[in-house]
Amino acid sequence: QVQLVESGGGLVQAGGSLRLSCAASGSIFSIKYMAWYRQAPGKQREWVAAVGTSGSTTYADSVKGRFTISRDNAKNTVYLQMNSLKPEDTAVYYCNARMISLIDSWGQGTQVTVSS
């Protein structure tokens, strides 16, 4: 399996920016694609963005044009650049790795808080 460690969360004002990082270790060659999810208090976890092994990216409508997912293969790290942050972006953000077996690996989560 793969171990994932997120970092980069914090407190920012609305309109600000933040970059999250997810460092992967372990069976990295078993990863099919990677993604970011988020979960706000009292709400279900929702998908935010994904990046495939080819570098292709997809985004949830709520973050299109504001968030960018990218990967640095040399560092086995995936990033989520978040710009124009809104209070509704406040959540715990989780890194996800979908394995070729279709089993998911998850990071511990990092808190992002956007104040108005």
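Side chains included, hydrogens not; waters and symmetry mates left out as well; all remaining heavy atoms used. As the structure is a prediction and not an experimental result, all values here were calculated from the model.
In this structure, Lys32 NZ and Ser101 OG are separated by 9.5 Å, a value rounded to the nearest 0.5 Å. For the atom pair CG of Asp72 and OG of Ser21, the computed distance is 10.0 Å after rounding to the nearest 0.5 Å. Atom SG of Cys22 is separated from atom CH2 of Trp106 by 11.0 Å, given to the nearest 0.5 angstrom.
Remark: the backbone N or O of Gly9 is paired with a side-chain donor or acceptor of Thr110 at under 3.5 angstrom. Between the Gln81 side chain and the Phe67 main chain, no donor and acceptor come within less than 3.5 Å of each other. Side chain of Ser27 to backbone of Val2: no donor-acceptor contact under 3.5 angstrom is found. The backbone N or O of Tyr33 sits nowhere less than 3.5 Å from a side-chain atom of Arg98 that would complete a donor-acceptor pair. Under a 3.5 Å cut-off, the side chain of Tyr59 and the backbone N or O of Ile69 do form a donor-acceptor pair. When atom types are taken as modelled, the side chain of Thr77 and the backbone of Lys75 share a donor-acceptor pair closer than 3.5 angstrom. Within the 3.5 Å criterion, the main-chain N or O of Cys95 finds a donor-acceptor partner in the side chain of Glu6.
In the hydrophobic clustering of this structure, Met34 groups with Met99; members are Ile, Leu, Val, Met, Phe, Trp, Tyr whose side-chain heavy atoms approach within less than 4.5 Å, directly or through other members. Residues Val12 and Leu80 share a hydrophobic cluster, clusters being chains of Ile/Leu/Val/Met/Phe/Trp/Tyr side chains in contact below 4.5 Å. No continuous path of hydrophobic side-chain contacts links Leu85 to Tyr94 [ILVMFWY only; heavy atoms under 4.5 Å]. Hydrophobic clustering (ILVMFWY, side-chain heavy atoms < 4.5 Å, transitive): Val92 and Val63 are in distinct clusters.
Classification of Asp61 and Lys64 as a salt-bridged pair holds, one side-chain N sitting under 4.0 Å from a carboxylate O.
In this structure, Arg38 forms no cation-pi arrangement with Trp47, as its terminal cationic atom is not both closer than 6.0 Å to the ring centre and no more than 45° off the ring axis.
Nearest heavy atoms, Ala91 versus Ala40: CB-N, 3.8 Å. Taking each heavy atom of Ser17 and Ser84 in turn, the nearest pair found is OG-N, 4.4 Å. Closest approach of Ala97 and Leu4 over heavy atoms only: N-CD1, 3.7 Å. Summarising the geometry of Met82 relative to Leu20, their closest heavy-atom pair is CE-CG, 3.7 Å, with the distance given to 0.1 Å. Considering every non-hydrogen atom in both Asp89 and Arg66, the closest pair reads OD2-NH1, 2.7 Å.
For CD of Gln1, the number of neighbouring non-hydrogen atoms (other residues, nucleotides, ligands) closer than 6.0 Å is 12 at most.
At a cut-off of 3.5 Å, with distance as the only test, no side-chain donor of Tyr79 or Arg19 sits close to an acceptor on the other residue. Counting only N and O atoms by type, the side chains of Gln111 and Thr113 include a donor and acceptor under 3.5 Å apart.
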### Task
Dump the intermediate steps for side-chain hydrogen bond (donor to acceptor under 3.5 Å, both in side chains) on Tyr37 and Arg45, then the final yes or no.
CA-CA 7 Å; Tyr37 288 73; Arg45 189 171 299 185; over 6 Å; no
### Message
side-chain hydrogen bond (donor to acceptor under 3.5 Å, both in side chains), that's the test. Do Arg71 and Asn73 meet it? Break it down for me.
### Response
CA-CA 6 Å; Arg71 63 194 304 166; Asn73 291 330; 3.1 Å; yes
### Test log, rule side chain to side chain contact (heavy atoms under 4.5 Å, CB included), inputs Thr53 and Ile31
CA-CA 8 Å; Thr53 56; Ile31 297 175; 5.5 Å; no
### Task
Begin with the C-alpha distance, continue with both residues' side-chain angles, and end with the deciding distance and a verdict on side chain to side chain contact (heavy atoms under 4.5 Å, CB included) for Val112 and Thr90.
CA-CA 5 Å; Val112 172; Thr90 295; 5.9 Å; no
